[in-house]
Amino acid sequence: MAKPTFDTPEYREFPSPPAIEEGAMEHLETYIAKPEHQEALGWAGELEEGWEQRAVDKLGDLLGKNKALRVYLDSCVKCGACTDKCHYFIGTRDPKNMPVARQDLLRSVYRRYFTLSGKLFPDLVGAKDMNKEVLDDWYKYYHQCSECRRCSVFCPYGIDTAEITMAARDIMNHIGMGQKYTNEILGKVHKIGNNLGLPGPALMDTMEGLEEDVFDDDGVAVKFPVDMHGADVLLVTPSADFFAEPHVDGLIGYGKVFHQAGISWTVSSYASEAANFALFAGSTEQMHKVARRIRKVAQEFGVKRIIFGECGHAWRVAYSFLNTLAGPFDFLDPKYPVPQHILEFTHDLINRGALALDPSANDDKVVTFHDSCNVARASRMGTKPGGQFDIPRAVIRAVVNNYVDMDPETTHEKTFCCGGGGGLLTDDLLELRVKGALPRMEALHEVVQSHGVTHMAAICAICKTQFAKVLPYYGMQMDMITSVHHLVGDAIILGGKE
Amino acid sequence: MDVVITYAYAGMFYLAGLILLAGLAWKVSRFAFTPAPLKIPVTPAPVTWVGVPVRLGKEIIFFASLFKSNKWIWLFAALFHAALLLVLIRHLRYIIEPVPYWLTLAQPFGVYAGFAMLAGLAGLWARRFIVDRVRYITGVSDHLMLLLLVLIGFSGLMMKFVSRTDVIQVKAFFQGLIYFQIQPLPTDIPLLVHLSLVITLMIVFPFSKLLHAPGIVFMPSRYQVDNAREKRYIVRWVAKMMQQMDEKDDAAAQKAAEKA
């Protein structure tokens, strides 16, 4: 680990809101996308003369197309309810990381150009001209928001800063000031099929390797099929699942579940990525383009159902937007929801007694569960509201004997983002990621102390990568973070139902 | 002079009423008719439309999310809004004739609500100075709005407890406004100040953060039903955008295939 140039925040004795420290994160600016990455996505390569007007025009365009943006910008009363709810504010103390202050960066421009009061009395209502200074603030602070929606839960009106961040990023992409990390990855998805740029042959190699690993460990021939036409299930999973730790153990878990259920499945090399980074950029157009690959593959392979692997933002796009952006899915088996989450699938099998499980296989662990932000606040599992909280916990409890929840102020709908969501999982934002992880690390540390928790399970590729990176900064082991399906995979008695 | 004042206030009330109604109609229609391109309810959310009025009702009546968020803001905000409601109800007696029985019951509460309203406002205003986070996000207009509301409450209470005005004549004036038969308005200073401030409030309403009042029912994060998988949600511009993109992509793909 390279020596950090910043201090990891101390655990707070009482998690009370910190005093503000103006400009605390002003120095942090994520890398700007290169012109070729911008242009490949149909956006301006870089800032060109007249960008101010183009930014204002784009804002006007979005106001006409997005009710949320319009209503959110008009309705905030600056009550202050959200000010201490953002993990990035808590960890950095920079007041521009308070949700309302972050919104105001865009709201001030909205007021200047689109409201009577802002046109007549700009100083009175905090209206500002679109200029480089404002744009620089946008670029910095709209890339210090992980679009996790926690502030929205606490807003008396439900104003969701994520929508404002997405709009600002959409505008910045439009005028040529996109973020390198997100836009480079979007380019890879279009060109190669997944975020990590893993080509088809390498994917097949990897999956064959997994078959060998499982056979060596368990003596059972569990298949990990790629591009198998005629399979029942198309599995769409984040590409990190194919080789990153601890993700890959989750993928092995999915494979074991499919194997024991006797349901044929496949991944696709063309749509080998569940995540849809266009969400981060707030681009409905790009989101459609990425989502459409999944529909194409499902039709081509003739599958009956689509199941998504453990991935938070992917599940938001899949659950909430896939039907809109790539539907209707009338060619799939109507018995199953489209799409289905791997946890819904496994949960259903457990309920029907279709899996032979031995939870004592995980007796060396005391497990807690991190609710991923986008699963918790932007999606559902099962048929009842809140299924996204209950189903993962039910699955964990079926495969683990020792389970404890963290402080309820930090779980379920009040869960804290891991600190790396929303397009911020890049090393140039490491300082932000470490600081933003503070509230989750505090809650985890507390159950480690009080209940001897050894593992935190998560259902999101970003959470897993982020925690593996930041846990050591807080004096904890990076391998504490695990996949829910790793726990499932370890508890399955292969051959037990055959 | 009195005649001039009467006609000036009548004119201002008509103008302010017009601005308020037209401004609100314009804003609310923009809120209502701007499409929401995607399903973005903050979950857990109702899975059928039946739960939506319940969810919104809890927010509008009890400020449920604010309660979750911050007990102090909730206390002052609830105090102010509930008191304002009572005060407004009490003021109906200056318009409705004869005064219905239920309204006479509200009378004593309405008077004390005036004090509660000021107390709530004072609490909310104090936070803007005391809490560093709230101080940071407070703009000039936020202070002015509080000042306006405090002055309205204060001038109103002045008339009740210090320098009373001829409420019978005030009522005649407002009823006259409704029937377009202008009646003389008493010219006591507290009354004229009170009415001027109310006129100001009516005018700024559609151009200010007071839009949170109609806005609260147009929040996609709260009013949308969580049923994206069960029912395909699609708005016109998204459908059109997707069709255009798909045609372009398919044409490009075909061209590439022919080349190969």
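Each chain gets a letter, A, B and so on, in the order the sequences are listed, and its residues count up from 1. The figures here come from the full heavy-atom set of this structure, side chains too, leaving out hydrogens, waters and symmetry mates. A quick note: this is a predicted structure, and the numbers were derived from the prediction, not measured.
By the 4.0 Å N-to-carboxylate-O rule, A:Arg380 lies close enough to B:Glu230 to be salt-bridged with it. Salt bridge status for A:Glu344 with B:Arg229: present, with a side-chain N to carboxylate O gap under 4.0 Å. Ion pairing of A:Asp371 with A:Arg393 is present here, as a side-chain N (NZ or NE/NH1/NH2) and a carboxylate O approach within less than 4.0 Å. Salt bridge present: A:Arg149 and A:Asp160 bring a charged side-chain N and a carboxylate O closer than 4.0 Å. With respect to the salt-bridge test (charged N to carboxylate O, under 4.0 angstrom), the residues A:Arg316 and A:Glu147 do not qualify.
Between chain B and the residues A:Ser379, A:Ala101, A:Gly386, the largest count of heavy-atom pairs under 4.5 Å involves A:Ser379. When each of B:Ile234, B:Ile73, B:Leu56 is checked for heavy-atom pairs under 4.5 Å with chain A, B:Ile73 comes out on top. Contacts with chain B were tallied for A:Ala162, A:Ala326, A:Ser152; A:Ser152 has the most, counting heavy-atom pairs under 4.5 Å. Taking A:Ile159, A:Thr383, A:Leu325 one by one and counting their heavy-atom pairs under 4.5 Å with chain B, the maximum is reached by A:Leu325. Highest contact tally toward chain A, considering only B:Lys231, B:Arg133, B:Lys27, B:Arg127, is held by B:Arg133 [criterion: heavy-atom pairs under 4.5 Å]. When each of B:Val42, B:Val134, B:Val204 is scored by its heavy-atom pairs under 4.5 Å with chain A, the top score falls to B:Val42. Interface remark: of the candidates A:Val153, A:Asp104, A:Val125, A:Val153 forms the most heavy-atom pairs closer than 4.5 Å to chain B. Top candidate by heavy-atom pairs under 4.5 Å with chain A, chosen from B:Leu144, B:Val238, B:Asp246, B:Val235, is B:Asp246. The greatest number of non-hydrogen atom pairs below 4.5 Å with chain B, out of A:Lys384, A:Gln388, A:Met287, is found for A:Gln388. Among the candidates A:Thr115, A:Asp123, A:Leu124, A:Leu116, the residue making the largest number of heavy-atom pairs closer than 4.5 Å to chain B is A:Leu124. Of the listed residues (B:Phe31, B:Phe207, B:Phe218, B:Trp237), the one with the most heavy-atom contacts under 4.5 Å to chain A is B:Trp237. Between chain A and the residues B:Ile137, B:Val140, B:Leu66, B:Ile216, the most heavy-atom pairs under 4.5 angstrom are made by B:Ile137.
Only the side chain of B:Tyr136 comes within less than 4.5 Å of a heavy atom of chain A; its backbone N, CA, C and O stay farther away. Interface residue B:Arg30: backbone and side-chain heavy atoms are both found under 4.5 Å from chain A. Heavy atoms of B:Leu211 lying under 4.5 Å from chain A belong to its backbone as well as its side chain. If you measure heavy-atom distances from B:Pro37 to chain A, the contacts under 4.5 Å come from both the backbone and the side chain. Of the two parts of B:Ala45, only the backbone, made up of N, CA, C and O, holds a non-hydrogen atom closer than 4.5 Å to a non-hydrogen atom of chain A. If you measure heavy-atom distances from A:Ala378 to chain B, the contacts under 4.5 Å come from the backbone alone. If you measure heavy-atom distances from B:Arg232 to chain A, the contacts under 4.5 Å come from both the backbone and the side chain. Heavy-atom distances place the backbone of B:Ala32, and not its side chain, under 4.5 Å from chain A. Heavy-atom distances place both the backbone and the side chain of B:Asp226 under 4.5 Å from chain A. For B:Leu210, no part lies near chain A; criterion is any non-hydrogen pair under 4.5 Å. Both the backbone and the side chain of A:Ser320 come within contact range of chain B, judged by heavy atoms closer than 4.5 Å. Contact annotation for A:Phe329: neither backbone nor side-chain heavy atoms come within less than 4.5 Å of a heavy atom of chain B. Contact of B:Asp249 with chain A is made through the side chain alone, with heavy-atom distances under 4.5 Å. Only the side chain of B:Met241 has a heavy atom closer than 4.5 Å to any heavy atom of chain A. B:Phe62 does not touch chain A: none of its heavy atoms, backbone or side chain, sits under 4.5 Å away. In this structure, no portion of A:Ala318 lies under 4.5 Å from any heavy atom of chain B. Proximity to chain B is limited to the backbone of A:Cys76, based on heavy atoms less than 4.5 angstrom apart.
Shown here is A:Lys128, whose NZ atom has no more than 12 heavy atoms of other residues, nucleotides or ligands within 6.0 Å. Shown here is B:Lys58, whose NZ atom has no more than 12 heavy atoms of other residues, nucleotides or ligands within 6.0 Å.
Ring pair A:Trp315/A:His341 is perpendicular by interplanar angle, where above 60° counts as perpendicular and below 30° as parallel. Classification of the A:Tyr157-B:His212 ring pair by plane angle, with boundaries at 30° and 60°, yields tilted. The aromatic rings of B:Trp125 and B:His143 sit tilted, their planes meeting at an angle between 30° and 60°. Ring geometry for B:Tyr9 versus B:Phe13: interplanar angle of 30 to 60°, hence tilted.
At a cut-off of 3.5 Å, with distance as the only test, no side-chain donor of A:Thr324 or B:Lys39 sits close to an acceptor on the other residue. A donor atom on one side chain and an acceptor atom on the other are not found under 3.5 Å apart for A:Tyr270 and A:Arg293. Under the 3.5 Å distance criterion, with hydrogens and angles disregarded, a donor-acceptor pair is assigned to the side chains of A:Thr92 and A:Asn97. Under 3.5 Å, the side chains of A:Asp74 and A:Tyr110 contain a donor-acceptor pair of N or O atoms. For the 3.5 Å distance criterion, the side chains of A:Arg70 and B:Thr34 qualify, holding a donor opposite an acceptor.
Using a 4.5 Å heavy-atom cutoff, the side chains of A:Arg111 and A:Leu73 are not in contact.
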